[in-house]
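Following: one structure in structure tokens, then a few remarks.
Bear in mind the structure is a predicted one, so any value in this text is a computation, not a measurement. Letters A, B, ... are given to chains in the order of the sequence lines, protein chains preceding strands, and every chain is numbered from 1.
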Amino acid sequence: MGSDKLIYLDNNSTTPCDPRAVEAMLPYFHQIPGNAASRNHPFGWQAEEAVDYAREQISNLLAVESKEIIFTSGATEADNLAIKGVFEMYSRKGNHIITLKTEHKAVLDACKKVEKMGGDVTYLDVKRDGLVDLAALEAAITDKTVLISIMWANNETGVIQPMKEIGEICEKHGVLFMSDATQAVGKIKTHPKELGIHLMAFTAHKMYGPKGVGALFVNRKNPRVKVTSQMDGGGHERGMRSGTLNVPGIVGFGKAAEIAMQEMEADAARLSVLRDKLENAFKENLEEVYVNGNVEHRMPHVANISFKHVEGEGLMMTFNQNIAVSSGSACTSASLEPSYVLIALGLGDDLAHSSLRFSLGRFTTEEEIDRTIEMISKGVNHMRDLSPIWEMFKEGIDLDAVEWSEH
Amino acid sequence: MAYSEKLIEHFNHPKNVGTLDKSKNTVGTGLVGAPECGDVMRLQIEVDEESGMIKDAKFKTFGCGSAIASSSLATEWLKGKSIDEALAIDNMAIVEELALPPVKIHCSVLAEDAIKSAIADYKSKNA
């Protein structure tokens, strides 16, 4: 994709829109311009038909009813709608929500808002491999708990949570189960009803669809789940989300879902081979390479790797004219805090600062992986030649015993 | 974030990377920053005993591109300076020379700290 020289391994940030989805969208910008809510003329009917069709394509992918799909502007809005919407709708039942420290900011910040609104939120630690501690989760449930919000797959590490077991705990205690499945939908099987998930947020642009459109699955039967709207107006989407529907975006989203249904298994099989090749090559070429997060329960296209005693952002500068990845180091803020997700896994700040996230995608080729291995191995060696702590480490100095001058 | 050509040049081809013999009385070593902050700079100067001028400077830095370029530039500037002239190097001069963005100003502060720390070490050895 893009320039021949540029290698895109940042698919967890966003995926390129599949050309087949782009093609499906095009007529809906000009030839078919209607508002899906215009009930009294053919322009509106055509738009509504296109939206209904996309809703079918998406519900087929998730094995849910088409009426259970509420379109939003993206996963962030869907997360907000689920969390704040459940909190408001079920306020008579209780005010307690349980989530994880490794959730996406869209969930964590929506929960913080809920706390300001009088809610009580428990942010659970995860185990060192990034998985939820099921016993701690169950123990955190009180008679005030209305919602458990746990992501399907982590954006930074790709770690997949035990959704079935969490669903059983929710069922046992009569608590609603919401999942931010942004990184999982369209890449692995995500059938919420089989696992007792009542609300599920996801977005088109992480599954080769367009940006600016997402959805919330809301279970309609056993139990019938409702959320209060967070966006008020014309009463679209069964009153849960007002606003004119993004018809071209929704059409592209639907097409992306249809393609995913046909191709995600083959994509996953191919990408996991390439991901493993990348990971194994780094381990062979370089010393002190660590893979972060559980490697058994992990998305097939993600690798989060720490190169010890190399600072991630500096390392990125050795190859970022050619390769796009993302770093767990954030040396851009005054606080210099590295990734909170990696810190929650119990990584020391040094390893967190030394991490890179590789997220492969449908358009990644083996040749690109080979070039990535070569360039990044070279970059790590360059940075280690420059690194005083690598030198000290090689001399056998105990870095934990050094008195650093923190700044 | 687009970096200046000078910064990228210092990052890709850093000047004066290396290690001086820190046991020598003519060498001053400054080690500043901390791994958990994402920046560690080690800057060393070697002072000519007769002239009192800095005749060599070396560094190694664990950090982002701006931190590496700041320390590379600092070693360039140190060579040929007297101790007093070296103490007068201000972090804002590094910011200007490399066109550091505001979020990276701390890298220049760290380089200034490293210079001062290396000089303090040299002075304590030769007090």
Need one label for T19(B): side chain, backbone, both or neither, based on atoms under 4.5 Å from any heavy atom in chain A.
side chain

Here the gap from L31(B) atom CG to E403(A) atom CD, rounded to the nearest 0.5 Å, amounts to 11.5 Å

Donor-acceptor under 3.5 Å (E311(A) side chain, C64(B) main chain)
yes

Do you know the tightest heavy-atom contact between S387(A) and F62(B)?
OG-CB, 3.8 Å

Is there any residue in residues 48-60 of chain B with a non-hydrogen atom under 4.5 Å from a non-hydrogen atom of chain A, and which ones are they?
F59(B), K60(B)

Atom of D385(A), atom of V17(B) and distance for their closest heavy-atom approach:
O-CG1, 3.9 Å

May I ask you to test the M317(A)-Y3(B) pair for a side-chain heavy-atom distance under 4.5 Å?
yes

Residues in side-chain contact (heavy atoms from CB on, under 4.5 Å) contact with N381(A), at least two apart in sequence or another chain:
L286(A)

How long is the gap from CD on E36(B) to CG on L351(A), to the nearest 0.5 Å?
12.0 Å

Compare all side-chain heavy atoms of P35(B) with those of L399(A) and state whether any distance is below 4.5 angstrom.
no

Quick one: of P14(B), G63(B), G18(B), who has the most non-hydrogen atom pairs under 4.5 Å with chain A?
G63(B)

Would you indicate whether the side-chain heavy atoms of T318(A) and F11(B) approach each other to under 4.5 Å?
yes

Heavy atom to heavy atom, less than 4.5 Å: which residues from residues 118-127 of chain B reach chain A?
none

Proximity of residues 66-85 of chain B to chain A, residues having a non-hydrogen atom under 4.5 angstrom
I68(B)

